[in-house]
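Structure, as structure tokens:
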Amino acid sequence: MDSPDDAAVWRLDEARALVVTTDFFTPVVDDPYDYGAIAAANSLSDVYAMGGEPFLALNVAAFPPKLPNWVLSDILRGSADKAIEAGVVIAGGHTIQDEEPKYGLMVLGFVHPDKMLSKRGAHPGDALVLSKPLGFGTTTTALKKGEAEEAHIREAIDWMTRLNRDASRLAVRHGAHAATDVTGFSLLGHGWEMAEASGVGLRLRFADIPFLSGARHYAEEWHFPGGSMDNRLYFGKHITFAEELEEHEQMLLFDAQTSGGLLLAVPPENLPALLEDAARIEQPLWVIGEVVEGDSIEVI
Ligand code: CO
Ligand code: CO
């Protein structure tokens, strides 16, 4: 537990290791189908973050007894469709009754033991690459308060339901040194985990970090989930910000994400081929900074 990673990995033989992970959470959007799809993409992501390929999953669910059946079936259908897209079989699961719905997957995957990605291994000079924009926490919090625009919600859902599969395969093919997915601990929290595990510092360029269209506005209005505040309290001591960055801009980097993108540390000599390959399959990637010597994260 003292070197946290996205999933547990168990070596079976020379060529195969099992990747094991589970994740579940309360609804982040109104539509049950979207919620199921987001939960599935999020649970599968921890296998992708290890450079693995998921193949089998089980449902983990808590549903209020008064919830209509169509809602339950839509949640499970959204997740099942996402699993099919990923080539994963959902083979059963377990459900209990609870006041507030909770849903997610326990996922099994395979990874080649020599090609596994982890948070450890980032080198000074590596480029930091992100595969989805930020701002899911602030946008979905604005939604819960009835303050979010429909187009901004749709944009957030499209990104949150997107699989990290292609980004993961590109990372493995182009020899990324380290990887993690950006979820509840935010870009800075998960970035810090990578920095600490690798014994390096990170330098992020705020102007190069992508955000959802509505995120800056909702951040200015201070619609942040509790988790984002916790992230700032917990990780803040490891971060220094350029003076001109306003408080809501800093908070956007502490914003708790659901089903966020992969954060990769890529050797600079591999970066051009990675970006070229990504463009060919229309996988968005943003170069947001670099790995440096040190023991903190600097945002410039
Ligand atoms: Co993760
Ligand atoms: Co996780």
Side-chain angles (χ1 to χ4, degrees), residues 4-7 21 23 25 28 38-51 104 117-122 126-141 155-168 170-171 176-198 202-206 208-212 215-216 219 224-225 227-232 234-236 238-239 249-266 278 283-291 297 299:
D5 233 305
D6 293 293
T21 179
D23 225 320
F25 47 75
V28 287
I38 292 166
N42 178 74
S43 298
L44 294 166
S45 175
D46 277 328
V47 175
Y48 295 130
M50 305 300 292
L117 298 172
S118 76
K119 292 179 186 178
R120 192 183 302 229
D126 286 352
L128 290 169
V129 176
L130 186 65
S131 73
K132 292 187 190 181
L134 304 177
F136 302 155
T138 188
T139 302
T140 57
T141 303
E155 185 190 7
I157 290 170
D158 287 348
W159 280 109
M160 288 191 286
T161 54
R162 189 182 177 112
L163 292 174
N164 280 330
R165 174 187 53 198
D166 292 347
S168 169
L170 287 166
H177 282 151
T180 190
D181 58 347
V182 179
T183 51
F185 291 163
S186 76
L187 174 67
L188 291 175
H190 291 290
W192 170 249
E193 287 181 335
M194 181 185 282
E196 195 178 34
S198 301
L202 308 182
R203 185 185 300 126
L204 304 176
R205 287 182 301 273
F206 187 82
D208 293 338
I209 297 173
F211 297 102
L212 295 178
R216 283 164 179 275
F224 283 109
S228 304
M229 314 295 176
D230 295 344
N231 289 337
R232 184 169 66 169
Y234 191 76
F235 296 108
H238 305 295
I239 322 290
E249 295 176 317
Q250 300 181 16
M251 267 305 284
L252 276 170
L253 306 189
F254 288 115
D255 190 31
Q257 305 295 284
T258 299
S259 193
L262 295 188
L263 175 67
L264 309 171
V266 180
Q283 167 63 55
L285 290 180
W286 291 268
V287 181
I288 61 165
E290 59 267 327
V291 179
I297 299 181
V299 184

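In this chain, numbering begins with 1 at the start of the sequence shown.
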In terms of heavy-atom contacts, Thr161 and Ala41 come closest through O-CB, 3.8 Å
Can you tell me how far the CH2 atom of Trp192 sits from the CZ atom of Phe185, to the nearest 0.5 Å? 14.0 Å
Side-chain donor/acceptor of Ser45 to backbone N/O of Asn164, under 3.5 Å: no
Decide yes or no for Thr258 and Thr140: does some side-chain heavy atom of the first lie under 4.5 Å from some side-chain heavy atom of the second? no
When you compare the side chain of Leu262 with that of Asp181, does any pair of heavy atoms fall below 4.5 Å? yes
Measure the shortest side-chain to side-chain distance between Gln283 and Arg165 over non-hydrogen atoms and say whether it is less than 4.5 angstrom. no
Do side-chain atoms of Ser198 reach the backbone of Gly121 as a donor and acceptor pair under 3.5 angstrom? yes
Assess the pair Phe206 and Phe211: is the distance between their ring centroids shorter than 6.0 Å? yes
Partner residues of Glu290 under the salt bridge (Lys or Arg N to Asp or Glu O under 4.0 Å) criterion, sequence neighbours left out: Arg203, Arg205
Which atom of Ala167 lies closest to which atom of Leu264, heavy atoms considered: O-CD1, 4.4 Å
Is Ser43 reaching over with its side chain to a backbone N or O of Ala39, donor-acceptor style, under 3.5 angstrom? yes
For Lys119 and Pro4, which heavy atoms make the closest approach, and how far apart are they? CD-O, 3.4 Å
Between His190 (side chain) and Thr183 (backbone), is there a donor-acceptor pair under 3.5 Å? yes
Within a strict 4.5 Å, meaning less than it, do heavy atoms of the Ser131 and Arg162 side chains meet? no
Looking only at heavy atoms, which two atoms of Ser259 and Lys132 are closest? And how far apart? O-NZ, 2.8 Å
Test side-chain contact (heavy atoms from CB on, under 4.5 Å) on Leu204 and Leu187; report intermediate values, then the result. CA-CA 10 Å; Leu204 304 176; Leu187 174 67; 4.0 Å; yes
In short, Ala49 meets Ala179 closest at the heavy-atom pair O-CB, 3.6 Å
Expected output: side-chain Ser168 to main-chain Tyr48 donor-acceptor under 3.5 Å: yes
Rounding to 0.5 Å, atoms CG (Leu44) and OG1 (Thr21) come to a distance of 9.5 Å
4.5 Å side-chain heavy-atom contact, Asp6 and Met50: yes
For the residue pair Phe254 and Phe235, is the inter-centroid distance of their aromatic rings smaller than 6.0 Å? no
Which of Leu134, Val299, Val129, Leu128 passes side-chain contact (heavy atoms from CB on, under 4.5 Å) with Ile288? It is Leu128
Report yes if the side chains of Phe25 and Ile38 come closer than 4.5 Å at any heavy-atom pair, otherwise no. yes
Can you measure from CE (Met251) to OG1 (Thr138) and round to the nearest 0.5 angstrom? 8.5 Å
Does the side chain of Pro133 reach to within under 4.5 Å of the side chain of Trp159, using non-hydrogen atoms? yes
Is there a donor-acceptor contact under 3.5 Å from the side chain of Asp208 to the main chain of Trp286? no
So does Gly135 get a backbone contact from the side chain of Gln257, meaning a donor-acceptor N/O pair under 3.5 Å? yes
Main-chain N/O of Ala256 paired to Ser228 side chain as donor or acceptor, under 3.5 Å: yes
Enumerate the residue pairs fulfilling salt bridge (Lys or Arg N to Asp or Glu O under 4.0 Å) with a member in residues 249-263, sequence neighbours excluded, ordered by first and then second residue. Arg216-Glu249
Would you sort out whether Val291 and Leu202 count as a side-chain contact (heavy atoms from CB on, under 4.5 Å), showing the intermediate values? CA-CA 5 Å; Val291 179; Leu202 308 182; 4.1 Å; yes
Minimum heavy-atom separation for His177 to Asp126, with atom names? ND1-OD2, 2.7 Å
Is there a donor-acceptor pair under 3.5 Å between the side chain of Ser186 and the backbone N or O of Leu253? yes
